[in-house]
Amino acid sequence: MADLVNGLSSVDGPEHSEVSWRAVPANGLSAADVCEALDLPVDKLILLESGLRPDGQPVRTETGRYSIIGLVTENTTVFQYHTQSQRLDVVAPHRNNLERIHSISNIWDFLKCYMQQRRTTGGPSSSPFWGGLMGFVSYEAGLATIDVDPPSIKLSDLRPDICFVFITRSIVIDHVTHTAYIQTLNGQADQHWVEDMINTIPQIVKRGHLQPETS
């Protein structure tokens, strides 16, 4: 499996082993506030949003403490897997490249190997996500893990059953400590983005505090 991962010309080599990050105060900040302020279209982010009460606290601290915003950039690699045909498409938009691999019976072994080659250290211990794969898994893909044949659907080969993107820029909001973690796996090449977010997020927080409350 490692040879297969290494043989992909569309996939970049291992990312920087150290996470670059900064933490800023984020009292009352929601993931929706950030996405709206940054004017992020839906195809440029993957969002795991915590359900919040009117006071800004998570509805369930045990399961909804964090909101995670994964930013999709021009360098993001996309993995699309079709369960019935066992076909993996690896899309690298920044290279205008598509690689199609047939007969991958265990996509999870492939993704595990891919992630093992991109282990990172040095991220904030209080953040549950530093970067990596984000996306969705369909019902049909879940059936395959328990050896149950999915229903035959004519369009199943057009829509991927698993779609993940490798996130290198992310913003994690801790709704309990009211902290936002700005994180990148791109090292010094992304310091301009980190600095921009350090300045931008406090402005978003301030703007939210200035808005009048609605009854």
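Since this is a predicted model, take the numbers as computed values, not measurements. Numbers here simply count residues along the sequence, with the first being 1.
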Transitive ILVMFWY side-chain link [X] to [Y], under 4.5 Å:
X	Y	value
Leu29	Val176	no
Ile198	Ile173	yes
Phe136	Leu47	no

Handout entry: From Asp190, Asn75, Thr76, residue fulfilling side-chain hydrogen bond (donor to acceptor under 3.5 Å, both in side chains) relative to Arg169
Key =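 Between Arg169 and the candidates, side-chain hydrogen bond (donor to acceptor under 3.5 Å, both in side chains) is satisfied uniquely by Asp190.
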
To the nearest 0.5 angstrom, please state how far the [atom1] atom of [X] sits from the [atom2] atom of [Y].
X	Y	atom1	atom2	answer
Met134	Leu45	CE	CG	9.0 Å
Glu99	Phe79	CD	CZ	10.0 Å
Leu133	Phe166	CG	CZ	6.5 Å
Leu185	Trp21	CG	CH2	14.0 Å
Phe164	Ile107	CZ	CD1	9.0 Å
Tyr181	Ser170	OH	OG	12.0 Å

Problem - Verdict with supporting geometry, Cys35 and Ile69, side-chain contact (heavy atoms from CB on, under 4.5 Å) - result: CA-CA 8 Å; Cys35 295; Ile69 306 170; 4.2 Å; yes

Which pair of non-hydrogen atoms, one from [X] and one from [Y], has the smallest distance, and what is that distance?
X	Y	result
Ala32	Glu49	N-OE2, 3.7 Å
Val205	Ala26	CG2-CA, 3.9 Å
Gln80	Cys163	CG-SG, 4.0 Å
His178	Gly28	ND1-N, 4.1 Å

Test of understanding: with side chain to side chain contact (heavy atoms under 4.5 Å, CB included), list the residues that count as partners of [X], not counting sequence neighbours.
X	value
Ser20	Thr184, Gln191
Asp196	Thr200
Tyr66	Pro128, Val172, Asp174

Handout entry: Side-chain donor-acceptor contact under 3.5 Å, Glu18 with Thr121
Key = yes

Handout entry: Working for side-chain hydrogen bond (donor to acceptor under 3.5 Å, both in side chains), residues Gln183 and Ser127
Key = CA-CA 10 Å; Gln183 308 166 134; Ser127 173; 2.9 Å; yes

Exercise for the section: Can you run down the salt bridge (Lys or Arg N to Asp or Glu O under 4.0 Å) pairs that involve residues 33-45, sequence neighbours left out, and say none if there aren't any? Expected result: none

Handout entry: Which residues share a side chain to side chain donor-acceptor pair (under 3.5 Å) with Asp89, sequence neighbours left out
Key = Arg87, Arg100

Completion exercise
Applying side chain to side chain donor-acceptor pair (under 3.5 Å) to Arg22 and not counting sequence neighbours gives none

Problem - Under 3.5 Å donor-acceptor, Trp130 side chain and Pro124 backbone - result: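 Between the backbone of Pro124 and the side chain of Trp130 there is a qualifying donor-acceptor contact (under 3.5 Å).
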
Exercise for the section: Output, in order, the C-alpha distance, side-chain angles, deciding distance and verdict of side-chain contact (heavy atoms from CB on, under 4.5 Å) for Ile182 and Trp193. Expected result: CA-CA 9 Å; Ile182 304 160; Trp193 174 77; 3.7 Å; yes

Problem - Derivation of the side-chain contact (heavy atoms from CB on, under 4.5 Å) call for Leu71 and Ile167 - result: CA-CA 7 Å; Leu71 302 180; Ile167 295 297; 5.8 Å; no

Problem - side-chain contact (heavy atoms from CB on, under 4.5 Å) between Ile162 and Trp108, intermediate numbers included - result: CA-CA 10 Å; Ile162 298 172; Trp108 304 113; 3.6 Å; yes

